[in-house]
Each structure stands twice: as C-alpha cells, then as structure tokens.
J.: 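Here it is, the structure in full.
The first residue in the sequence is number 1, and the count goes up from there. As the structure lists them, so they are numbered: ligands from 1, and atoms in each ligand from 1.
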Amino acid sequence: MDEFSLIGRYFAGLCEADDSIALGIGDDCAQLRVPPGQDLVVSIDTLVEGTHFLPGSDPGRLASRLLGAAVSDLAAMGAEPAWFTLALTLPEADEGWVAGFASQLGRSARDFGIRLVGGDTTRGPLTLTVQVHGWVPAGRGLHRRGAAAGDLVCVTGTLGDSRGGLECQLHPEKGVDAALMERFFAPQPRLDCGRRIAPYASACIDISDGLLADLGHVLEASGVGARIERRQLPLSPALLAFCGEQQARDWALCGGEDFELCFTVPAAHWPKLQQALAGCGVPVTRIGEILPADAGLQLLDAGAPCALPGTGYNHFVSAGGGADKE
Ligand code: ADP
Ligand code: MG
C-alpha cells in the first residue's frame, strides 16, 4: 500500500469539518483560522521506538499516549485545543498496524476536541510525532514563570499512577493493576482544569518528567523556591494497594508521565479558584507553598525536613553530570 492510499484510507477521515479549518488534509498546507482576540499556541512531541516505548507495542496504545501527552501541553497553558499534525515514520506499510493506530488516534482526538489537519508519512525507524495547536485569549495563557513567594502549590488528580503502570510492565510477576496501566497508556490531559484555573493561577506546568523535576522548571522560570509536604501528595487507592505508602509517595514525587497539572495560585485567589473548579470532577490538592529563591526546593515529611529523592527523567543527562535540555 502506497503513502497516498494510506493517508486517504486511514487519516483523511480524521479531519472533521470545522469552522476553524478552511482547508484540511490533501493540499500542500492546511489553512486554519484562529478566532479574533486569541493567540495561537503550539507544541510538538515525539515518541521513538526503543527510547520511549518497547518494540512491538500496541499501536492503539501508542496513539493514545502520543496524543494525550501532546495535548497535555495545551492543558498546561489553559488553552483550547484546535488542530494537530502527524509525522509518521514507519519501517514498513503494515496496514494492520496503521489501522489500529489511526482508529485510536481518531477516538482520542474526538475525546480531546482536536482535529487532524495534515502530516507527513515517511519510511524509517518507527517514530511518531504530533504537533498540537490551540489558542488562548490574546496576551493571557498560563506560563511557567509567574509564581511568587507566598503562593500555594497545587496539583490536579493523583500522582505516581503512571509510574505504577510502568512497573506493571517491567515486573508483571509482581502483579498487574489495570487502572494503573490505563494511567500509563491513556493519559487524560487536564484541559478542563487548565481552562478553569487559568484566570487565577500564577504559573502552571504539566507533569511529564515527575513532580519534583517539573516543579523545578516552574521555580527556575519564576526565580523562586518552594516547600512541599510529602504527606499531602494525592495518591490513588489503586497505587497505595499496589505498592504501599512509602513507594507511592516516592513515585508521586519522581515518577513521570502522570500528565497532571502542577500550578501555583496566590492565597487570596484560593476561594475563587475553588468556585471555578466546582463540578469539574478532578480533585485539586494543595501540596505546599512558594518561598523566596534562596530557600531552594525543600521537602517535608509530616513537617520535618527530609531528603529529596532522585528527580525525573532527562534524555541528555550523562554519567559525568551536565544535563542538557530534553
Ligand atoms: P507534500 O509533498 O506537499 O509535503 P504530502 O504528499 O507529504 O505533501 O502530503 C499530502 C497531504 O497529506 C498533505 O495535506 C499532508 O498534510 C497530508 N498527510 C501526509 N501524511 C499524513 C499523515 N500521516 N496524517 C495526516 N495527514 C497527512
Ligand atoms: Mg511530504
């Protein structure tokens, strides 16, 4: 099956008509319309076989992970999702693989309210890239910079579940929990939360590399420190049952790919934020507070200082130290 029939059969149908799409899949470019008064926001994410997933991984699971992770960046900006493009590099035109990938990609796209408007299809080592586009009110949007001393540090949902799901795959002999696996394979970007908190939050990031690593980015961008209380980290019953409280708290701090939001909010905005979040169905938990820069990142356990466990994943950290940006 050639490139064009593959695109026509499996991907063209995912480009659902929409007022914002003047021209979709099939021409040299897509032609798109950002509503007046909105800024375009853009982010791109890649999954490489052997680096981000094991050879032989289920194509449908890859599709939901790929799109979920990318759309999570839109959630972290408080953005409205609009369109995405897909660059597919495939070792061969395996129609069964493409059919499984495309049908789940379509389901996830509909769930997240985002439409496929173009892409590129090439032959080579299995590599999946999506670029997502959305919009925020002009000049607004949630950024990593903006946290100030005294702000509360909050997270959505529960932490560490995806790391638990990874453990189920690495050591299935120790037990497998379906809910944790689901958190790993089908991240649910917190789009609704992001839009609700945007008017009140001072800074925000989505948790892809682990709470400590990603909160660290907020602290660096904002020029502040923070204190986090281990006992306040929100844990799911599934994770607690799977690995016990100590391991669960470590994974909540350092495990990647939860795709929850970590945000800061001035204490004076807390009551309004509570109102804005009413009925959104995702818990939001206060886990600490922002401090002046010289405080660094401090971890407490029931009020007593404790050591920071190793932080999140970074592609270019070498044995000799010296981390590059991922
Ligand atoms: P060009 O050679 O002009 O780059 P292509 O032949 O690569 O165009 O693509 C033809 C059309 O199909 C374009 O509209 C492109 O966006 C779309 N397309 C190609 N690959 C994909 C894909 N994997 N998913 C969605 N659309 C795709
Ligand atoms: Mg091309």
Side-chain angles (χ1 to χ4, degrees), residues 1-35 38-75 77 79-135 185-189 191 208 257 259:
M1 160 163 253
D2 73 18
E3 175 191 340
F4 298 105
S5 31
L6 199 122
I7 297 164
R9 183 167 310 172
Y10 294 106
F11 295 107
L14 301 190
C15 184
E16 289 169 9
D18 184 272
D19 286 348
S20 72
I21 306 175
L23 189 63
I25 291 175
D27 217 299
D28 292 313
C29 293
Q31 191 174 336
L32 307 166
R33 297 188 176 127
V34 180
Q38 306 286 313
D39 283 346
L40 182 66
V41 293
V42 178
S43 175
I44 190 163
D45 266 309
T46 295
L47 294 181
V48 179
E49 185 177 62
T51 301
H52 301 97
F53 60 91
L54 295 171
S57 292
D58 176 74
R61 286 176 156 177
L62 291 176
S64 48
R65 243 181 101 198
L66 177 70
L67 196 61
V71 169
S72 175
D73 287 318
L74 296 176
M77 297 286 291
E80 184 73 36
W83 322 288
F84 71 107
T85 53
L86 169 69
L88 262 188
T89 302
L90 304 171
E92 62 200 324
D94 175 344
E95 239 193 292
W97 192 97
V98 174
F101 178 82
S103 66
Q104 181 56 50
L105 192 72
R107 277 193 293 275
S108 296
R110 234 163 283 131
D111 286 351
F112 305 153
I114 193 163
R115 287 153 293 276
L116 182 66
V117 293
D120 198 24
T121 307
T122 51
R123 188 182 288 264
L126 185 60
T127 306
L128 316 168
T129 298
V130 292
Q131 183 167 45
V132 294
H133 307 74
W135 54 68
F185 285 118
Q188 294 300 313
L191 288 162
S208 54
E257 306 206 22
F259 298 107

J.: Could you pull out, from Leu6, Asp28, Thr121, the option with a heavy atom nearest to atom 22 (C) of ligand 1?
T.: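 Ranked by closest heavy atom to atom 22 (C) of ligand 1, first place is Thr121.
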J.: Would you tell me whether Ser5 and Asp2 have side-chain atoms, one donor and one acceptor, within less than 3.5 Å of each other?
T.: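 Yes, because at least one side-chain N or O of Ser5 sits under 3.5 Å from a partner of the opposite role on Asp2.
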J.: If you count the atoms of ligand 1 from 1 in the order shown, which ones are under 4.0 Å from a heavy atom of Phe11?
T.: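 What qualifies from ligand 1 is 24 (N), 25 (C).
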J.: Go through Phe53 and Arg61 one step at a time and tell me if the side chain to side chain contact (heavy atoms under 4.5 Å, CB included) criterion holds.
T.: CA-CA 10 Å; Phe53 60 91; Arg61 286 176 156 177; over 6 Å; no
J.: Is there any N or O on Gly119 that sits under 3.5 Å from an N or O of ligand 1?
T.: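 Indeed, backbone or side chain, Gly119 has an N or O that close.
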J.: When only distance counts, is Ile25 in polar contact with ligand 1, meaning an N/O pair under 3.5 Å?
T.: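 Among all N and O atoms of Ile25, none is under 3.5 Å from an N or O of ligand 1.
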J.: Any atoms of ligand 1 less than 4.0 Å from a non-hydrogen atom of Leu116? List them with their elements.
T.: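 Reading through ligand 1 atom by atom, the close ones are 25 (C).
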J.: Using a 4.0 Å heavy-atom cut-off, say whether Asp27 meets ligand 1 through its side chain, its backbone, both or neither.
T.: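 It is the backbone that touches ligand 1; the side chain stays farther off.
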J.: As an exercise, identify every atom of ligand 1 less than 4.0 angstrom from a heavy atom of Glu3.
T.: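 Once the distances to Glu3 are compared, the set is 6 (O), 7 (O).
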J.: I need the single residue from Val117, Ile44, Ile114 that forms a side-chain contact (heavy atoms from CB on, under 4.5 Å) with Phe84. Which is it?
T.: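 Answer after filtering Val117, Ile44, Ile114: Ile114.
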J.: Apply side chain to side chain contact (heavy atoms under 4.5 Å, CB included) to the pair Leu90 and Leu126, showing each step before the final yes or no.
T.: CA-CA 5 Å; Leu90 304 171; Leu126 185 60; 3.7 Å; yes
J.: If we only count heavy atoms from C-beta on, is the Ile21 to Arg115 side-chain gap below 4.5 Å?
T.: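 A side-chain contact under 4.5 Å exists here.
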J.: Numbering the atoms of ligand 1 from 1, which are under 4.0 Å from a heavy atom of Phe4?
T.: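 Heavy-atom distances to Phe4 below 4.0 Å select 6 (O).
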J.: Backbone N or O of Phe185 within a donor-acceptor pair of the Ser64 side chain at under 3.5 Å?
T.: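 Flag set: sc Ser64 to bb Phe185 pair under 3.5 Å.
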J.: Backbone, side chain, both or neither: what part of Ile7 comes under 4.0 angstrom of ligand 1, heavy atoms only?
T.: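 The answer is the side chain.
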J.: Examine distances only and state if a side-chain atom of Ser103 and a backbone atom of Ala99 form a donor-acceptor pair shorter than 3.5 Å.
T.: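 Here the side-chain-to-backbone pair exists.
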